Number of protein chains: 2
Amino acid sequence: MTDLDIAEVAQRAGVPASTLRFYEEKGLIAPTGRRGLRRQYDPGVLERLALIALGRTAGFSLDEIAHMVAPDGPPRIDRSMLADKAEELDRRIRELGVLRDSLRHAAACPAPSHIECPTFRGLLDAAASGSVPTPRRRMPGG
Amino acid sequence: MTDLDIAEVAQRAGVPASTLRFYEEKGLIAPTGRRGLRRQYDPGVLERLALIALGRTAGFSLDEIAHMVAPDGPPRIDRSMLADKAEELDRRIRELGVLRDSLRHAAACPAPSHIECPTFRGLLDAAASGSVPTPRRRMPGG
DNA sequence: CCTTGACCTCAAGTCGACTTGAAGTAGAAC
DNA sequence: GTTCTACTTCAAGTCGACTTGAGGTCAAGG
């Protein structure tokens with residue numbers, strides 16, 4: 001068997017073993033079996049873990065990911081869900097772009113105090129009016 | 001006095017009153033005084049709240065913001081800190097851009113399963129290698 | 001055979017930013 | 001003067017994704 005020890009999976013996937021147990025509890029991954037008490041993993045779990053990591057960085061919650069990546073069988077990922085997430089990312093990217101530019105301006109702005117800088121004030125107004133949303137839940141892009 | 005009631009501040013700032021009390025406890029804002037038990041606020045608190053909101057969307061923690069926005073006196077914001085945050089945002093924006101494009105491709109990709117799509121596999125490898133970081137702490141951009 | 005130490009389980013803790021709930025108070029309308 | 005109700009305090013709860021700690025097990029090396 002080329003089955004992997006939990007420590008090896010952890011090391012190769014770049015996550016602590018505790019995370020692997022946690023993911024198992026959540027139904028995201030599963031060992032092929034046990035040797036004594038110890039979990040043995042098929043190397044394919046690494047790909048699954050990569051997929052999970054990818055889902056996380058795209059802003060999916062573990063619960064959402066659990067729906068796409070059942071521990072048995074191949075991942076089934078709804079393409080429209082991907083498209084939706086891409087849209088969401090795109091919106092967030094544009095917001096962040098505005099924010100970045102404004103921060104840059106404020107950093108370089110010669111006004112004695114930021115409060116007196118028109119750009120900064122514009123930002124404040126935008127923030128106050130809610131057009132630049134504050135991150136509530138963990139989203140890719142806050 | 002044109003002082004404001006907590007309810008009015010809450011409504012105008014678009015946050016619940018509980019948040020205002022919480023911010024006060026954190027040293028982010030302060031009422032000018034009390035009428036009976038009730039907090040009275042200077043209208044300037046709205047600007048301060050806008051600044052706090054802005055800081056949050058830029059990815060600063062409340063503790064960081066507390067350092068910039070002392071409840072007394074004008075905000076003192078380090079320009080290099082702004083520049084650093086802008087840089088950080090910029091990096092995150094680029095990462096998210098790659099991710100968005102890849103998601104779009106995967107959504108449109110004709111490969112029967114995502115696992116067989118080269119672009120998707122490329123993403124997986126990137127996620128696995130850590131070049132597309134998973135949001136650990138709440139960052140603007142995850 | 002015995003020790004070692006990596007693994008195991010399960011419950012509880014952490015972190016940040018708030019929210020919620022119970023119990024109390026006081027300004028204002030009647 | 002009574003009632004109404006928006007406010008008050010303080011402690012505890014929530015959410016997501018894990019981590020940590022105590023106490024137990026067992027395969028492998030000496």
Side-chain angles (χ1 to χ4, degrees), chain A residues 1 3-11 13-41 45 49 51-67 69 127 133-142, chain B residues 1 3-41 45 49 51-67 69 127 133-140 142:
Chain A
M1 338 269 155
D3 271 6
L4 304 175
D5 197 0
I6 196 173
E8 192 153 6
V9 175
Q11 193 242 308
V15 300
S18 63
T19 298
L20 299 178
R21 295 193 201 98
F22 175 72
Y23 281 179
E24 180 178 341
E25 196 178 340
K26 280 249 151 187
L28 290 165
I29 60 174
T32 52
R34 299 275 183 129
R35 182 194 308 221
L37 283 183
R38 307 181 176 204
R39 291 164 175 84
Q40 298 298 118
Y41 292 95
V45 80
L49 285 169
L51 192 49
I52 292 169
L54 180 61
R56 295 270 302 111
T57 110
F60 292 101
S61 71
L62 289 184
D63 281 355
E64 285 174 310
I65 295 172
H67 278 106
V69 176
T134 292
R136 298 180 162 281
R137 293 152 209 299
R138 197 158 329 185
M139 292 304 295
Chain B
M1 330 269 161
D3 270 8
L4 305 174
D5 197 1
I6 197 173
E8 192 153 6
V9 175
Q11 193 241 308
R12 290 212 214 170
V15 300
S18 63
T19 298
L20 299 178
R21 297 194 198 97
F22 176 72
Y23 281 1
E24 181 179 339
E25 196 178 341
K26 280 248 152 188
L28 288 165
I29 59 175
T32 53
R34 298 276 182 127
R35 181 191 310 219
L37 284 183
R38 305 180 178 203
R39 292 162 173 86
Q40 297 299 117
Y41 292 96
V45 78
L49 284 169
L51 193 49
I52 292 169
L54 180 60
R56 294 273 300 113
T57 108
F60 292 101
S61 72
L62 288 185
D63 281 354
E64 285 173 310
I65 294 172
H67 277 106
V69 176
T134 291
R136 298 177 162 280
R137 293 152 210 297
R138 194 160 330 183
M139 293 302 297

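Just so you know, these numbers come straight off a predicted model, no measurement behind them.
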To the nearest Å, how far apart are [X] [atom1] and [N] [atom2]?
X: B/Ile6; N: D/dA6; atom1: CD1; atom2: C1'; value: 11 Å
X: A/Glu64; N: D/dG16; atom1: CD; atom2: P; value: 11 Å
X: A/Arg34; N: D/dC26; atom1: CZ; atom2: P; value: 12 Å
X: A/Leu49; N: D/dC18; atom1: CG; atom2: C1'; value: 15 Å
X: A/Leu4; N: C/dC7; atom1: CG; atom2: P; value: 12 Å
X: A/Asp5; N: C/dA6; atom1: CG; atom2: P; value: 11 Å
X: A/Ile65; N: D/dC18; atom1: CD1; atom2: C1'; value: 14 Å

Residue B/Arg39, side-chain atoms from C-beta onward, closest of D/dT8, C/dT9, C/dC18: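 Looking only at side-chain atoms, B/Arg39 lies closest to D/dT8.
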
Quick one: side-chain contact (heavy atoms from CB on, under 4.5 Å) partners of B/Glu64, sequence neighbours excluded?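 Here the qualifying residues are B/Phe60, B/Ser61, B/Lys85.
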
Could you pull out every donor-acceptor pair under 3.5 Å between side chains of residues 18-33 of chain B and any protein atom, sequence neighbours left out?
unit_1	atom_1	unit_2	atom_2	d
B/Glu24	OE1	B/Arg39	NE	2.6
B/Lys26	NZ	B/Asp63	OD1	3.3
B/Thr32	OG1	B/Asp3	OD2	2.8
B/Thr32	OG1	B/Gln40	O	2.9

Residues that A/Glu8 engages under salt bridge (Lys or Arg N to Asp or Glu O under 4.0 Å), provided they are two or more places apart: A/Arg12

Once you build an axis from the first five pairs and another from the last five of the helix from C/dC1-D/dG30 to C/dC30-D/dG1, how far apart in angle are they, to 10 degrees?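 End axes: 10° apart.
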
Protein-proximity profile, nucleotides 24-29 of chain C, B/S/- by nucleotide at the 4.0 Å heavy-atom cutoff, equals -S-SS-

Going through the checks in order, is the side-chain contact (heavy atoms from CB on, under 4.5 Å) test met by A/Arg56 and A/Ile65? CA-CA 8 Å; A/Arg56 295 270 302 111; A/Ile65 295 172; 3.9 Å; yes

If I compare all heavy atoms of B/Ala10 with all of B/Ala17, which pair ends up nearest, and what's the gap?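 Shortest heavy-atom separation between B/Ala10 and B/Ala17 comes out as CB-N, 3.8 Å.
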
Whether the side chain of B/Arg34 engages the backbone of B/Leu37 through a donor-acceptor N/O pair (distance < 3.5 Å, no angle test) should be reported. yes

About how many Å separate CZ of B/Arg38 and CG of B/Asp5, when rounded to the nearest 0.5 Å? 7.0 Å

Among residues 16-26 of chain A, which ones have heavy-atom contacts with DNA chain C below 4.0 Å?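 Contacting residues: A/Arg21.
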
